[in-house]
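Side chains included, hydrogens not; waters and symmetry mates left out as well; all remaining heavy atoms used. Below, chain A is the first sequence line, B the second, and so on; all start at residue 1.
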Number of protein chains: 2
Amino acid sequence: MFKKQQLTKTECSQSMQAIKDALQVLSGKWKLPIILALSDGPLRFKELQRAVNNITPKILSKELKELELNEFVERTVHATSPVTVEYNLTPYSGTLEKLIAELQSWGLQHRQYIFSKSKMRKAVEA
Amino acid sequence: MFKKQQLTKTECSQSMQAIKDALQVLSGKWKLPIILALSDGPLRFKELQRAVNNITPKILSKELKELELNEFVERTVHATSPVTVEYNLTPYSGTLEKLIAELQSWGLQHRQYIFSKSKMRKAVEA
DNA sequence: GATACTGCTATCCTTCCGGATACTGCTACC
DNA sequence: GGTAGCAGTATCCGGAAGGATAGCAGTATC
């Protein structure tokens, strides 16, 4: 495993960095829920707050800034009065789809694997 | 995005859970490095500690327990004196390979994407 | 004029992750 | 007997993530 290509130290730490980058953009309690909420269409700040289980505005604001930096969401200000702000997913956020699907399918099979193992163990103990 | 199949609330939260499961087994500062270190062959506790950038024994012990629970590593005690303990990857840990590859390639392209964006911005400003 | 809505920011507080340091019981070597 | 190695455990600590609460400027509503 992980040995198919012999990597130099530099290459190895670079690919470690890439993995950590990827994990980081999805980690935390809120990023996925926010992305999911926006996947049904654009939402305004308060709408988003309500959509995502009443996340506090401070956290939501912070998360949105990070998602903006990573170019997953776009912030557009409408000059209505009072101003309304809309958040929506960028096309680039679509590149996450394959990754998320992979995480999802692995997570699912893992849960089943661990579950069946623990059932086996209980059967043996009984 | 994420809309191809209409999901019920239950299905949706189940797949969220799967994604979170997957993220969790790889998150944290040490799990990947430990797996990588073990991918070259089994190691004993102290060897592992030295291999992974002098992780403290407490953390190493904790991480190993988690990896054991997830069936990624196997702990074997040899009845030498004093006892020696060997850790090695299970075959099951191989199922991570595809996921890790996906994370790695996405992370790499993302870094390049963000980098090229920021270069563009600087060019415009100049 | 009071209240309520908007999109936030500020302040304080708790909880958790990881780290430093020290220590255990055991054996082997000098 | 003293020192060093092994596989950990125990104790204390700092920083970051996240949460609760309050507040701001601006506008619309009653």
Quiz item: When the distance from CG of A:Asn54 to P of D:dA20 is rounded to whole Å, what number comes out?
Solution: 10 Å
Quiz item: Earliest and latest nucleotide of DNA chain C, 5' to 3', sitting under 4.0 Å from a non-hydrogen atom of chain B?
Solution: C:dG18 to C:dA28
Quiz prompt | Integer-rounded Å distance: D:dG19 P and A:Leu60 CG | solution = 11 Å
Self-check item: B:Glu74 side chain to B:Asn88 backbone, donor-acceptor under 3.5 Å
Solution: no
Quiz item: In terms of side-chain heavy atoms of A:Ile59, which of D:dG18, D:dA7, D:dT9 is nearest?
Solution: D:dG18
Quiz prompt | Candidates D:dG18, D:dG5, D:dG8 - which lies nearest the side chain of A:Trp30 | solution = D:dG18
Exercise. Find the runs of at least 3 consecutive base pairs, i with j, i+1 with j-1 and so on, that include DNA chain D, using Watson-Crick or G-U wobble geometry with both distances under 3.5 Å.
Key: C:1-30 with D:1-30
Exercise. List the steps and the verdict of side-chain hydrogen bond (donor to acceptor under 3.5 Å, both in side chains) for B:Gln17 and B:Asp21.
Key: CA-CA 6 Å; B:Gln17 194 49 58; B:Asp21 286 353; 3.1 Å; yes
Practice problem: Please confirm whether any donor atom in the side chain of A:Lys58 sits under 3.5 Å from an acceptor in the base of D:dG19, or the reverse. | Solution: yes
Exercise. Output the distance between atom NZ (A:Lys62) and atom CG (A:Leu67), rounded to the nearest 0.5 Å.
Key: 10.5 Å
Quiz item: If every non-hydrogen atom of A:Ala18 is compared with every non-hydrogen atom of B:Gln104, which pair is closest and at what distance?
Solution: CB-O, 3.5 Å
Self-check item: Any donor-acceptor pair under 3.5 Å from B:Lys31 side chain to B:Ser27 backbone
Solution: yes
Practice problem: Name the nucleic acid region contacted by A:Lys62, choosing base, sugar-phosphate or nothing; use a 4.0 angstrom heavy-atom cut-off, strictly under. | Solution: sugar-phosphate
Quiz item: For B:Lys29 and D:dG15, is the shortest distance between a side-chain N/O and OP1 or OP2 below 4.0 Å?
Solution: no
Quiz item: Where is the tightest heavy-atom contact between A:Val52 and A:Ala37, given as atom of each residue plus distance?
Solution: CG2-CB, 4.0 Å
Exercise. For the pair B:Thr90 (side chain) and B:Val73 (backbone), establish whether a donor and an acceptor sit closer than 3.5 Å, ignoring hydrogens and angles.
Key: no
Quiz item: With a 4.5 Å limit on heavy-atom distance, are the side chains of A:Leu38 and A:Phe72 in contact?
Solution: no
Quiz item: Can you find a side chain N or O atom of A:Thr56 that sits less than 4.0 Å from OP1 or OP2 on D:dT21?
Solution: no
Practice problem: Might you point out which heavy atoms bring A:Leu26 and B:Leu23 nearest each other, and give the distance in Å? | Solution: O-CD1, 3.8 Å
